[in-house]
There are 2 protein chains.
Amino acid sequence: MSLRHALLGLLSYRPASGYDLLKAFETSLANVWPATQSQVYGELGRLTDAGLLEVSAEGPRGRKEYTITGTGRGELHTWLVSAEPTRVTRSDMLLRVFFLDRMTAEEGRAYLARQRDFAAARAEHLRALEASIEWDDSPLSTQGRIALEYGLRLSTVQTDWADWALEQLATGGAGDQPR
Amino acid sequence: MSLRHALLGLLSYRPASGYDLLKAFETSLANVWPATQSQVYGELGRLTDAGLLEVSAEGPRGRKEYTITGTGRGELHTWLVSAEPTRVTRSDMLLRVFFLDRMTAEEGRAYLARQRDFAAARAEHLRALEASIEWDDSPLSTQGRIALEYGLRLSTVQTDWADWALEQLATGGAGDQPR
DNA sequence: CAATGACGTTCCACAAGTGACATGTCAACC
DNA sequence: GGTTGACATGTCACTTGTGGAACGTCATTG
């Protein structure tokens, strides 16, 4: 349950409304931890009930401004320093690779080529994002850049790996298995 | 919903019981698409109701052997060739990076070092797995190796990236922000 | 023969995420 | 003065995944 920590993290910089937070999720956090309206508003309510947040102001249009409490900061810090080993990530992309021989050789090649193209497109997207941001040497900039670099490197691995896999299929002699 | 396709994929090779399938999930598929008992048995029931599988035999101890139907093979094939762009994967590891300045500089360094070590350990685990398998040139071997190579390359990227990030923190002058 | 362990299934409560819908306010502009 | 669009929240139904409990069978072995 990291949505709650994403919210606590954002609110540790400054108080904000659900709407403000939602925008943060759509922009900066979109590539790391996407979240929907229903999730954000619901979690804000639960966090408030649990005493990790409090409603510090009410504005026009029913706007509620949430502020992180001391307990909330404690919880955030605990989560930050507790580095559990990253859980196994499900990958339907790799699952299909596992069943590559259930497609024809041609379909298999097309599949891998498509994955390579997706990864390349993602890299492109991240580079565009990188160019569109005015980086400075604030902590947020440093951290954003580090996260973005991860995405870039990941995309590179995916394209390289897909190319390598295509070679394997060619030389490894995987044939046309009938389904 | 790829669990159902994982099951269809496994059953496309040979009929099997829920118990057999569960073992497949614990061993070969564990690193790609982990699944629990309740998920597997539940999904088998739904797949049978939907006509994608049928109970082809009943054995001792209430054992039911499931066989994939023509419809099931069709569904599997459709899924295999439909390569949707991979969804955004949530990463609590990167989420913490985003909030790196909410820790002390020392805690931040420790966090990244820990991530590097986790990735290295994972690589170690995968290399051990690689060594423990008798590879041949069957399709399953080729495909397993391709999937494993992905994991290996991913781990490498993670360790390299973590080291790079540590350098960034050192030279970028990220300081001790109070929380 | 009794204990053990592998085999095998089913059910339940809960947490987390998705997507759509419903509702309403306020500011700006034509 | 009416429309539009940003602001703003809340709720519901559904799917997926987690974890554990409960129940029973069969073969082996001490």
### Task
Mind running salt bridge (charged side-chain N to carboxylate O under 4.0 Å, His left out) on A:Arg63 and A:Asp20 for me, showing each step along the way?
CA-CA 10 Å; A:Arg63 174 191 169 97; A:Asp20 296 336; 2.9 Å; yes

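When the P atom of D:dT18 is taken as reference, atom CG of B:Leu22 falls 13 Å away, rounded to whole Å. The separation between A:Leu44 atom CG and C:dA16 atom P is 15 Å, rounded to whole Å. Residue A:Gln39 contributes atom CD, which lies 5 Å from atom P of C:dG17 at whole-angstrom precision. For A:Gln37 and C:dA20, the CD to P distance is 12 Å, given to the nearest whole Å. Here C:dT25 presents its C1' atom at 15 Å from CD of A:Glu58, a figure rounded to the nearest Å. Rounding to whole angstrom units, CZ of residue B:Arg90 and P of C:dG17 are separated by 5 Å. Atoms OH (A:Tyr41) and P (C:dC21) sit 18 Å apart, rounded to a whole Å. Following rounding to the nearest Å, B:Tyr19 (OH) and C:dC7 (P) show an atom-to-atom distance of 4 Å.
Both A:Pro60 and B:Tyr66 lie near DNA chain C, and the one whose nearest nucleotide falls closer to the 5' end is B:Tyr66.
Closest to the side chain of A:Arg61, out of C:dT25, D:dG17, C:dC7, is C:dT25. Residue B:Lys23 has its side chain nearest to C:dC7 when only C:dT9, C:dC7, D:dT9 are considered.
Between A:Lys64 and A:Glu58 there is no salt bridge, since no side-chain nitrogen of the basic residue lies less than 4.0 Å from a carboxylate oxygen of the acidic one. In this structure, A:Arg122 does not pair ionically with A:Glu124, as no charged nitrogen and carboxylate oxygen lie closer than 4.0 Å. A salt bridge links B:Arg153 to B:Glu149: at least one charged side-chain nitrogen sits closer than 4.0 Å to a carboxylate oxygen.
Residue A:Ser38 is classed as a base contact, given a heavy-atom separation below 4.0 Å to a base.
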